[in-house]
Amino acid sequence: MRIATYNINGVRARLETVLGWLELQEPHVALLQEIKCVDEVFPREEIERLGYTIATHGQKSFNGVAILSKLPLEDLVRGLPGDDEDEQARWIEATVMGDRAVRVCNLYLPNGNPAPGPKFDYKLSWLERMQARVQAILASEEPAVFAGDYNVIPEARDVRRPDDWRDDALFRPESRAAFRRLENLGLYDAIRLRTQAPGVYSFWDFQRGSWERDDGIRIDHHLLTPQAADLLRDAWIERDARGGTKPSDHVPVWVELEA
DNA sequence: ATGGTAGCGGGGCTA
């Protein structure tokens, strides 16, 4: 089972980008973030035509996540549990019924800038709420993947110019510590199970010629439960996607599981 | 210090 996470930065503005990518790469499961639309206007038919089952959790203008799957989906959950007041659409999860059942959680973590401030507080509280959800799923001892745009640069080797990011919500010590706490619950960063190399990025800003200068950061991650890590065949970043026609500022990050 | 780009939606916010 090949699973890709992809912050598409507007699924309608980049529909041709998504459709071309799905046709070429044929992910079994695609986890989209920043669809930036409500469920009613998600381009469902166009994607279903390629053989995908679709589950969306959308929102007007901002945020929004979707699961596209060639395999059946069960036990859908929309929204990160733990705060009924939270109206931001940043979480959707389902069980993908492959050779093995895999619990797949698709997340779009708050950016958190400017920091400090209320947006940064929201990011940190969201991370705490995610911890509780991770613990509940870990307790079930099932293969599970927590994938998406974490808006966290885990380490200095994950950013080309660390000094430019010191005060940014994506790289502040509090954000990195919260990411480590997730890992310390017993999750594995799939890319780091495959390579220790620096300079492996998943995002290059649209501004300042970041792509041309390879001024990137790694913020899109797959965290695996031990049972999912047991099934890991490979993990990679589809860097070439950043150079194509009408690219997102993020590129797809992949895992292949024996499932 | 500033502005540089992009999507949504039709001004300013979010990133």
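Proteins come first, then strands; the chains are lettered A, B, ... in the order of their sequence lines, and each starts at number 1.
A:I219 places its CD1 atom 12 Å from the P atom of B:dA15, with the value rounded to the nearest Å. Counting to the nearest Å, the P atom of B:dT14 and the CG atom of A:N151 are 14 Å from each other. Rounding to whole angstrom units, NE2 of residue A:H250 and P of B:dG7 are separated by 13 Å. When the P atom of B:dG4 is taken as reference, atom CG of A:D205 falls 14 Å away, rounded to whole Å. For A:N7 and B:dG7, the CG to C1' distance is 12 Å, given to the nearest whole Å. Rounded to an integer number of Å, the gap from A:Q207 CD to B:dG3 P is 12 Å. Separating the CZ atom of A:R242 from the P atom of B:dA6 is a distance of 9 Å, rounded to the nearest angstrom. One interatomic measurement links the two molecules: CG of A:L15 to P of B:dC8, which rounds to 11 Å at whole-angstrom precision.
DNA chain B is contacted by A:K60, A:S61, A:F62 of residues 58-65 of chain A, taking any non-hydrogen atom closer than 4.0 Å.
Between B:dT14 and B:dA1, the two P atoms lie 24 Å apart (nearest whole Å). B:dG9 and B:dA15 have their P atoms separated by 15 Å, given to the nearest Å. For the C1' atoms, the distance linking B:dG11 with B:dG7 amounts to 14 Å, nearest Å.
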Donor-acceptor pairs under 3.5 angstrom involving side-chain atoms of residues 249-259 of chain A: please list them, not counting sequence neighbours.
| from | atom 1 | to | atom 2 | distance (Å) |
| --- | --- | --- | --- | --- |
| A:D249 | OD1 | A:N9 | ND2 | 3.4 |
| A:H250 | ND1 | A:D220 | OD1 | 3.2 |
| A:H250 | ND1 | A:D220 | OD2 | 2.9 |
| A:H250 | NE2 | A:N7 | ND2 | 3.4 |
| A:W254 | NE1 | A:E238 | OE1 | 2.9 |
| A:E256 | OE2 | A:R233 | NH1 | 3.0 |
| A:E258 | OE1 | A:R233 | NE | 2.9 |
| A:E258 | OE1 | A:R233 | NH2 | 3.3 |
| A:E258 | OE2 | A:R233 | NH2 | 2.8 |

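Phosphate contact (OP1/OP2 of B:dA15, side-chain N/O of A:R90, threshold under 4.0 Å): present.
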- Message: As a quick check of understanding, evaluate side-chain hydrogen bond (donor to acceptor under 3.5 Å, both in side chains) for A:N106 and A:Q33, giving each step before the final call.
- Response: CA-CA 8 Å; A:N106 177 17; A:Q33 302 90 36; 2.7 Å; yes

- After noting the C-alpha distance and the side-chain angles of A:L109 and A:L127, does the key distance pass the side chain to side chain contact (heavy atoms under 4.5 Å, CB included) rule? CA-CA 8 Å; A:L109 231 136; A:L127 274 156; 3.7 Å; yes

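Ranked by how close their nearest DNA chain B nucleotide is to the 5' end, A:K36 and A:Y108 are led by A:K36. In this structure, A:D149 and A:R12 both approach DNA chain B, and ranking their closest nucleotides by distance from the 5' end singles out A:R12.
Between the side chains of A:D215 and A:W204, not a single donor N or O lies within less than 3.5 Å of an accepting N or O.
Here the side chain of A:H28 pairs no donor or acceptor atom with the backbone of A:K70 at under 3.5 angstrom.
In summary, of the residues considered (A:F203, A:F146, A:Y150), a ring pair (Phe, Tyr, Trp, His ring centres under 6.0 Å) with A:H221 occurs for A:Y150 alone.
Residue contacts shown for A:F203 are absent, as no nucleic acid heavy atom lies under 4.0 Å away. Within the 4.0 angstrom heavy-atom criterion, no nucleotide atom of any strand lies near A:R213.
Note on A:R103 versus A:E93: salt bridge recorded, some NZ/NE/NH1/NH2 to OD/OE distance being below 4.0 Å.
Among the nucleotides B:dG4, B:dG7, B:dA15, the one closest to any side-chain atom of A:R208 is B:dG4.
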